[in-house]
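All remarks here apply to the structure that follows.
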Amino acid sequence: MSESAVSTLGHDELQALKTVALDGALSGSVKVSCASLADRLDASNQTASRRLQELESGGLLDREIVADGQWVSLTEAGERTLRSEYADYRQLFEESAGLSLSGTITTGMGEGKHYISLPGYERQFESELGYTPFPGTLNLDLDEPSVRSRPELSAQASVAIDSWEDGDRTFGAATCYPARLEADGETYEPTHVIVPDRTHHDEEHLELIAPEKLRDALALDDGDTVSIHLSEATE
Ligand SMILES: Cc1cc2nc3c(=O)[nH]c(=O)nc-3n(C[C@H](O)[C@H](O)[C@H](O)COP(=O)(O)O)c2cc1C
Ligand SMILES: Nc1ccn([C@@H]2O[C@H](COP(=O)(O)OP(=O)(O)O)[C@@H](O)[C@H]2O)c(=O)n1
Ligand SMILES: [Mg+2]
């Protein structure tokens, strides 16, 4: 589609494009009468006719005029226009049903492996998450949009890991959020974002645990970009 076709497409033309697509003009030619189109657009016959002309001149519709109406079909550009609308709505409504964050792999302080393999945590990971995590946390540097949406993490489904004591010291509680990890077109599950109550990391970092060493399972190196997808808590 030419840029001008996109930029001049107003709400009314889009509405007409969607209406004829719903009549079948997306998958082939469909006969449209201006009277019935006008009725559904709540416009005059003349206006409905003009909308179709505009869609044709914008390259979004092909038309063939016959004595009692016209045959119309969406062009590839017309289909792309509707798909782009669809993508906007999908983003609006699907993101509200979960959270996606992305960032780059980074090396941390080397403390994750110590904490993850402590027996007081390991026991709980096994019973609450259903696996023994690889000893360590895969650290992510979140990108800017993800840092901004990170507060939404607390609305996602989660599993509580309780604090525990080991004679003379107390180990802090943590929250684990079930997540799907995507890297370079590959998907890995299960993983959990782990947020310890006590941590040296700030809001720009995230730690992930999984049954396997993710650097090996997904061939990840520092600087690689990954995304994680979480599901909203249901109650
Ligand atoms: C399960 C778990 C429990 C933790 N508990 C403590 C804690 O009790 N006190 C503390 O100072 N840090 C605690 N930490 C945080 C680590 O000190 C540190 O912030 C981080 O996990 C180290 O990550 P890195 O080595 O991957 O950079 C805990 C981390 C995890 C994963
Ligand atoms: N599920 C996991 C956990 C840790 N790791 C990696 O395992 C190593 C040990 O984890 P760690 O948390 O002690 O180390 P850093 O994250 O501080 O570098 C690091 O290189 C992590 O990135 C992994 O690849 N997959
Ligand atoms: Mg780590």
Side-chain angles (χ1 to χ4, degrees), residues 95 97-235:
E95 282 207 350
L99 175 65
S100 296
L101 299 170
S102 47
T104 53
I105 303 296
T106 182
T107 292
M109 297 173 286
E111 287 181 12
K113 60 171 144 330
H114 166 71
Y115 283 99
I116 295 298
S117 49
L118 288 173
Y121 288 127
E122 204 174 60
R123 265 195 302 275
Q124 295 188 64
F125 294 143
E126 283 164 5
S127 65
E128 302 305 313
L129 309 185
Y131 62 85
T132 307
F134 173 83
T137 59
L138 181 72
N139 297 22
L140 295 191
D141 263 342
L142 294 177
D143 59 25
E144 240 180 78
S146 301
V147 173
R148 280 198 298 274
S149 47
R150 191 199 156 119
E152 293 169 41
L153 192 57
S154 57
Q156 310 307 310
S158 64
V159 179
I161 301 295
D162 295 331
S163 65
W164 55 285
E165 283 179 33
D166 172 20
D168 50 8
R169 94 159 258 202
T170 307
F171 291 88
T175 310
C176 289
Y177 299 87
R180 188 177 85 240
L181 175 64
E182 282 179 19
D184 218 6
E186 274 191 84
T187 297
Y188 187 100
E189 259 182 310
T191 71
H192 288 81
V193 172
I194 185 160
V195 182
D197 280 6
R198 300 175 198 164
T199 180
H200 304 298
H201 290 305
D202 56 25
E203 297 293 292
E204 289 168 17
H205 292 98
L206 215 57
E207 292 177 83
L208 278 179
I209 57 171
E212 289 178 274
K213 184 168 187 175
L214 293 166
R215 282 183 188 267
D216 291 348
L218 293 168
L220 297 171
D221 286 317
D222 279 4
D224 288 352
T225 300
V226 301
S227 62
I228 53 175
H229 306 274
L230 302 112
S231 306
E232 203 168 296
T234 49
E235 54 190 66

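Keep in mind that what you see is a predicted model, and the values were worked out from it rather than measured. In each ligand, atom 1 is the first atom listed, and ligand 1 is the first ligand listed. For the numbers below, each heavy atom of this structure counts, side chains included, while hydrogens, waters and symmetry mates do not.
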Show me which atoms of ligand 1 lie under 4.0 Å from any heavy atom of [X].
X: G172; answer: 8 (O)
X: R169; answer: 7 (C), 8 (O), 9 (N)
X: I194; answer: 1 (C)
X: M109; answer: 24 (P), 25 (O), 27 (O)
X: G112; answer: 22 (C), 23 (O), 24 (P), 25 (O)
X: I116; answer: 31 (C)
X: N139; answer: 24 (P), 26 (O), 27 (O)
X: G110; answer: 25 (O)

Can you check whether [X] has an N/O within less than 3.5 Å of an N/O in ligand 2?
X: M109; value: yes
X: T107; value: no
X: R215; value: yes
X: G136; value: no
X: E212; value: yes
X: G110; value: yes
X: K213; value: no

| message | Please tell me if atom 8 (C) of ligand 2 is touched by the protein, where touching means a protein heavy-atom distance below 4.0 Å. | response | no
Looking only at protein heavy atoms, which one is nearest to [atom], and what is the separation?
atom: atom 3 (C) of ligand 1; result: Y121 OH, 3.2 Å
atom: atom 21 (C) of ligand 2; result: T137 O, 3.5 Å
atom: atom 5 (N) of ligand 2; result: F134 CE2, 4.0 Å
atom: atom 4 (C) of ligand 1; result: Y115 CD2, 3.4 Å
atom: atom 18 (O) of ligand 2; result: G108 N, 2.9 Å
atom: atom 23 (C) of ligand 2; result: L214 N, 3.4 Å
atom: atom 13 (O) of ligand 2; result: K113 N, 2.9 Å
atom: atom 29 (C) of ligand 1; result: P196 CG, 3.4 Å

Please check this pair: side chain of [X] against backbone of [Y], looking for a donor-acceptor N/O pair closer than 3.5 Å.
X: E207; Y: N139; answer: no
X: Q124; Y: D162; answer: yes
X: R150; Y: H205; answer: yes
X: T191; Y: A179; answer: yes
X: S158; Y: S154; answer: no

From [X] atom [atom1] to [Y] atom [atom2], the distance as rounded to the nearest 0.5 Å:
X: E152; Y: L99; atom1: CD; atom2: CG; value: 5.5 Å
X: T225; Y: D184; atom1: OG1; atom2: CG; value: 9.5 Å
X: D224; Y: T104; atom1: CG; atom2: OG1; value: 9.0 Å
X: F171; Y: E165; atom1: CZ; atom2: CD; value: 10.0 Å
X: L230; Y: H192; atom1: CG; atom2: NE2; value: 10.0 Å
X: D197; Y: S163; atom1: CG; atom2: OG; value: 8.0 Å

| task | Could you tell me which atoms of ligand 2, counted from 1 in the order shown, lie closer than 4.0 angstrom to a heavy atom of L138? | result | 3 (C), 4 (C), 22 (O), 24 (O)
| field | Where ligand 2 meets N139 - atom numbers and elements under 4.0 angstrom, heavy-atom basis | value | 16 (O)
| field | Pair Y115-R198, side chain to side chain contact (heavy atoms under 4.5 Å, CB included): steps then yes or no | value | CA-CA 11 Å; Y115 283 99; R198 300 175 198 164; over 6 Å; no
Using every non-hydrogen atom in the two residues, find where [X] and [Y] come nearest and quote the distance to one decimal.
X: A155; Y: E232; value: O-CG, 3.7 Å
X: A183; Y: L218; value: CB-CD1, 4.3 Å
X: Y177; Y: L153; value: CE2-O, 3.1 Å
X: I116; Y: G136; value: CG1-O, 3.5 Å

| request: Please determine if E111 has a nitrogen or oxygen closer than 3.5 Å to a nitrogen or oxygen of ligand 1. | output: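 In this structure, E111 places an N or O atom under 3.5 Å from an N or O of ligand 1.
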| query | Has M109 got an N/O/S atom less than 2.8 Å from the Mg ion (ligand 3)? | reply | no
| Can you tell me if an N/O/S atom from T137 lies under 2.8 Å from the Mg ion (ligand 3)? |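 Yes, since at least one N, O or S atom of T137 sits under 2.8 Å from the Mg ion (ligand 3).
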| field | Option whose closest heavy atom lies nearest to atom 15 (C) of ligand 1, chosen from H205, Q124, R198 | value |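 Heavy atom nearest to atom 15 (C) of ligand 1 belongs to R198.
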| Nearest non-hydrogen atom to atom 21 (O) of ligand 1 belongs to which of H201, H114, E207? | E207
| Non-hydrogen atoms of E122 versus ligand 1: any pair closer than 4.0 Å? |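 Contact absent.
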| request: Step through the shown structure and confirm whether more than 12 heavy atoms of other residues, nucleotides or ligands are within 6.0 Å of CG on D202. | output: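 Yes - once you tally the heavy atoms of other residues, nucleotides and ligands closer than 6.0 Å, there are more than 12.
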| query | Do D143 and S102 have side-chain N/O donor and acceptor atoms under 3.5 Å apart? | reply |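 Note: D143 and S102 side chains meet the donor-acceptor criterion.
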